Protein chains: 2
Amino acid sequence: MAIKEGRTQERCTGMILPVSDAIQILSGKWKLPILISLQFGNKRFSEIAKNIPKITDRMLSKELRELEMNQLIKRTVYDTVPVTVEYSMTEYGESLDPVILELAKWGRQHRKRIMSKDRSAAKY
Amino acid sequence: MAIKEGRTQERCTGMILPVSDAIQILSGKWKLPILISLQFGNKRFSEIAKNIPKITDRMLSKELRELEMNQLIKRTVYDTVPVTVEYSMTEYGESLDPVILELAKWGRQHRKRIMSKDRSAAKY
DNA sequence: TTTATCACTATACTTCAGTATAGCGCTATA
DNA sequence: TATAGCGCTATACTGAAGTATAGTGATAAA
């Protein structure tokens, strides 16, 4: 029952704190999908929207702003007429790649799992 | 501007779908902290609560139920008087370890980053 | 001329995550 | 006897996330 009961509390909090930071920044339904869309190349507002089923303009606009504030993405305005706005990942944003990769890996195998057993699939 | 414009949309959705699955299951402020707490050993209700600052009984109870439904954790009741309830990670729950590890890594370096530059730190 | 696209913003609304507080039956301890 | 711990549940509430819908001004296409 007790595995190495030494400094568990500290080590536990030492894990929970950074993870909480991360999930706060990536929180919500849309931020990761947006980042993924931009992983596949710089995109304009409407192109991102096309990549992400069901997202509304309002949400996309709001989330892009937050991601930009956290310096995960960059917004570039070209003064064409009318203006062209392009979004791209920053280097810092790219540092999330391994996180996204692991999430995708897990999500894929989870999907397989719930597909194969109908009993729990019924709940979803 | 355009990097390999072939099947981007499909590959993009192929990433977004599993990641959305994952974030739905791990959604919210508390599920990952709870899983982390259980990574450090089987625990009882009040022990988990002690590990996670600020969580309320109601939330802990609710999230534990959801994690159990998704088979990420296991609830065992021992018939002592009064009953002892122990929570533990399932093997399936352990499959999340790499995800949690990457999140923790990123969170730690993010924390360092915002600590070092006060200008953006002001916002947090 | 009407329509559509672009990158948004405004307003209003719903829904749900999360908080706050209290209480349950049981038991061991002071 | 009263208090505290255990593992919760009940009720009520707030606030934030997300949805729905419409509209902006400029331009280009039908």
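Treat the numbers as computed from the prediction; the structure is a model and nothing was measured. The figures that follow rest on heavy atoms only: side chains count, while hydrogens, waters and symmetry mates do not. Below, read A as the first sequence line, B as the second, and so on, with proteins coming before strands; counting in each chain starts at 1.
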Phosphate OP1/OP2 of dC6(C) contacted by Tyr78(A) side-chain N/O (<4.0 Å): no
Pro82(B), nearest nucleotide to its side chain (from dT27(C), dC8(D), dC6(D)): dT27(C)
Output yes when at least one side-chain N/O atom of Arg44(A) is less than 4.0 Å from OP1 or OP2 of dA7(C), else no. yes
Please work out whether the ring planes of Phe45(B) and Tyr87(B) are parallel, tilted or perpendicular, with thresholds of 30° and 60°. tilted
Which whole-number value in Å describes the distance from Leu64(A) CG to dC6(C) P? 15 Å
Minimal non-hydrogen separation, Ser88(A) against Asn42(A), with atom names: CB-OD1, 3.2 Å
Would you say Ser46(A) reaches dT5(C)'s phosphate, i.e. side-chain N/O to OP1/OP2 under 4.0 Å? no
note: Glu86(A), atom CD; dA7(C), atom P; distance rounded to Å ~ 10 Å
Kindly determine whether Arg44(A) and Glu47(A) satisfy salt bridge (charged side-chain N to carboxylate O under 4.0 Å, His left out), including the steps that lead there. CA-CA 5 Å; Arg44(A) 303 173 59 182; Glu47(A) 291 173 318; 5.3 Å; no
Criterion salt bridge (charged side-chain N to carboxylate O under 4.0 Å, His left out) against Asp21(B), the qualifying member of Arg111(A), Arg113(A), Arg108(A), Lys29(A): Arg111(A)
List the protein contact pattern of nucleotides 9-20 of chain C with one symbol per nucleotide (5' to 3'): B for base contact, S for sugar-phosphate-only contact, - for none; contact means a heavy-atom distance under 4.0 Å. S-BB----SBBB
Is a side-chain N or O of Ser37(A) found less than 3.5 angstrom from the main chain of Pro33(A), in a donor-acceptor match? no
Using whole Å, what does the distance between atom P of nucleotide dG7(D) and atom NZ of Lys50(B) come to? 9 Å
What is the distance from OH of Tyr87(B) to C1' of dC6(D), rounded to the nearest Å? 11 Å
From CG of Leu60(A) over to P of dA17(D), roughly how many Å is that when rounded to an integer? 16 Å
Just wondering, are more than 12 heavy atoms of other shown residues or ligands nearer than 6.0 Å to CD in Glu94(B)? yes
Distance check needed: dC6(D) C1' versus Asp79(B) CG, whole Å only. 16 Å
